[in-house]
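Chain letters run A, B, ... following the sequence lines, proteins first, then strands; residues in each count from 1. No hydrogens, no waters, no symmetry mates; every other heavy atom, side chains included, goes into these values.
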Amino acid sequence: MKKETPLWEVFIRSKNGLEHRHCGSLHAEDAEMAMNNARDVYTRRNEGVSIWVVESTNITASSPESSGELFEPANDKVYRHPTFYELPDELKHM
Amino acid sequence: MSEAEIKNLEDQFDAKIARDEKIEPKDWMPEKYRKTHIRQMSQHAHSEIVGMLPEGNWITRAPSLRRKVALLAKVQDEAGHGLYLYSACETLGITREQMYEDLHSGKAKYSSIFNYPTVTWADMGAIGWLVDGAAIINQVPLCNTSFGPYARAMVRVCKEESFHQRQGYEIMLSLCNGSAEQKNMAQDALNRWWWPSLMMLGPTDAESTHTDQSMKWKLKRKTNDELRQQFIDQTVPQADILGLTIPDADLKWNEETGHYDFGEINWDEFWQVVKGHGPMNKSRIDARRNAWEGGAWVREAATAYADKQRARKEETAQAS
Ligand SMILES: [Fe+2]
Ligand SMILES: [Fe+2]
């Protein structure tokens, strides 16, 4: 039997108030096994209060080659930043 | 791609690393970078996994419950380290199954230190103190290595290593404060583990082939000899606290250099062990192979169960 065990990505919320963050991956046959393995591999020292596991094939990732078309349009939009606007120094609370 | 284009990409790549930017799995990278990383990271992962065997040997015979839970937790951590590193390595396009196969066939290496036997309880102390101590010295600089997944895995690993070394040193401390027999046991363990621990930091700079390239890619920050000197300098005072003698007649503090001078390392022994002729090479690989083959039915059962659950779900979805 040469079948590979599916790959899962693990995301952990370290405490309430913070977002889930990707912390690594692991292999498991199903979601329940992925959850159990994630608990053992990534939270042995109270690193989390909540776990997401997502089978890796379900993630669509942008490719580095398309980063130009995706992210460059934002480069010349300096007016999206507060520093773009020239206001007098005396002006307070803004 | 033309040679000039590749050269251009490589220059950009090197510049990126020089600027301390990280390389992520889907980024363009020279084939040699990919291959070198697969080799080093899988070798590192194998070392964590094979490294469980010498200590696993003593879990059931730990002298107290306190020692037993600590050793068990340490060995479990090493399994975790192996898993972080395997999954980081897989991002470069090699499968877990392939890595196991390479370990079992002898194609992939692991740290030479784990080919020595653990014959007394004091070896648990010596391993935590010296072997994890040397591993920390190797691993801390890797937290800043250029390949993102490797660097992130190393940050997790390094956070966990300090407990390993402290629990080992505490075992040594208890033995050294115990009966004469216990102290002898500690000294004997130091005698056997000292030289292999020095060898663990790798061949001397003159013999080491990949150093330049590895420095550029930040797989290495210091040379093997520098790391070894650092290890000796920090470990000798720790042996003094234990009241143990380092088994090296030439070991002497050098006022001028500010370092310890030390005796000749038996590199013949090192290469023998690397080539597979250490006392435990065969037993370690046999144990890994047996675990993989003996566990096949568990993996098959898990697959069959998952398939069945999926089929059942689809059936009920269609029925409703
Ligand atoms: Fe480790
Ligand atoms: Fe360790």
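Contacts between B:Tyr305 and chain A at a heavy-atom distance below 4.5 Å involve the side chain alone, from C-beta outward. Neither the backbone nor the side chain of A:Ala28 has a heavy atom closer than 4.5 Å to any heavy atom of chain B.
More than 12 heavy atoms of other residues, nucleotides or ligands sit less than 6.0 Å from atom CZ of B:Arg289. Atom CD of A:Glu32 is surrounded by 12 or fewer heavy atoms from other residues, nucleotides or ligands within 6.0 Å. Atom CZ of A:Arg44 sits in a crowded spot, with more than 12 heavy atoms from other residues, nucleotides or ligands closer than 6.0 Å. More than 12 heavy atoms of other shown residues, nucleotides or ligands fall within 6.0 angstrom of atom CG in B:Asp11. Heavy atoms of other residues, nucleotides or ligands lying less than 6.0 angstrom from NZ of B:Lys313 number 12 at most. Summarising the local packing, CZ of A:Arg39 is surrounded by 12 or fewer heavy atoms from other residues, nucleotides or ligands at distances under 6.0 Å.
For chain B, the option among A:Ala31, A:Ser67, A:Pro64 with the highest count of heavy-atom pairs below 4.5 Å is A:Pro64. Your options are A:Pro6, A:Ser56, A:Ser25, and the one with the most heavy-atom pairs under 4.5 Å with chain B is A:Ser25.
Under a 4.0 Å N-O distance rule, the pair A:Glu29/B:Arg299 does not qualify as a salt bridge.
Using non-hydrogen atoms only and a strict 4.5 Å limit, the part of residues 14-31 of chain B facing chain A consists of B:Lys26, B:Asp27. For residues 65-81 of chain B, a heavy-atom distance under 4.5 Å to chain A picks out B:Gln76, B:Asp77, B:Gly80, given by residue number.
The backbone N or O of A:Asp30 lies less than 3.5 Å from no partner atom in the side chain of B:Arg310, so there is not a single donor-acceptor pair.
Between atom OH of residue B:Tyr84 and atom SG of residue A:Cys23 there is a gap of 8.5 Å, rounded to the nearest 0.5 Å.
Taking both residues in full, the closest heavy atoms of A:Tyr42 and B:Arg156 are given as O-NH2, 3.3 Å, listed atom of the first, atom of the second, then distance.
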Evaluation steps, side chain to side chain contact (heavy atoms under 4.5 Å, CB included), between B:Lys159 and A:Arg45: CA-CA 11 Å; B:Lys159 269 189 206 154; A:Arg45 289 179 178 79; over 6 Å; no

Stepwise side chain to side chain contact (heavy atoms under 4.5 Å, CB included) test for A:His27 and B:Arg96: CA-CA 9 Å; A:His27 291 272; B:Arg96 182 77 58 96; 3.2 Å; yes

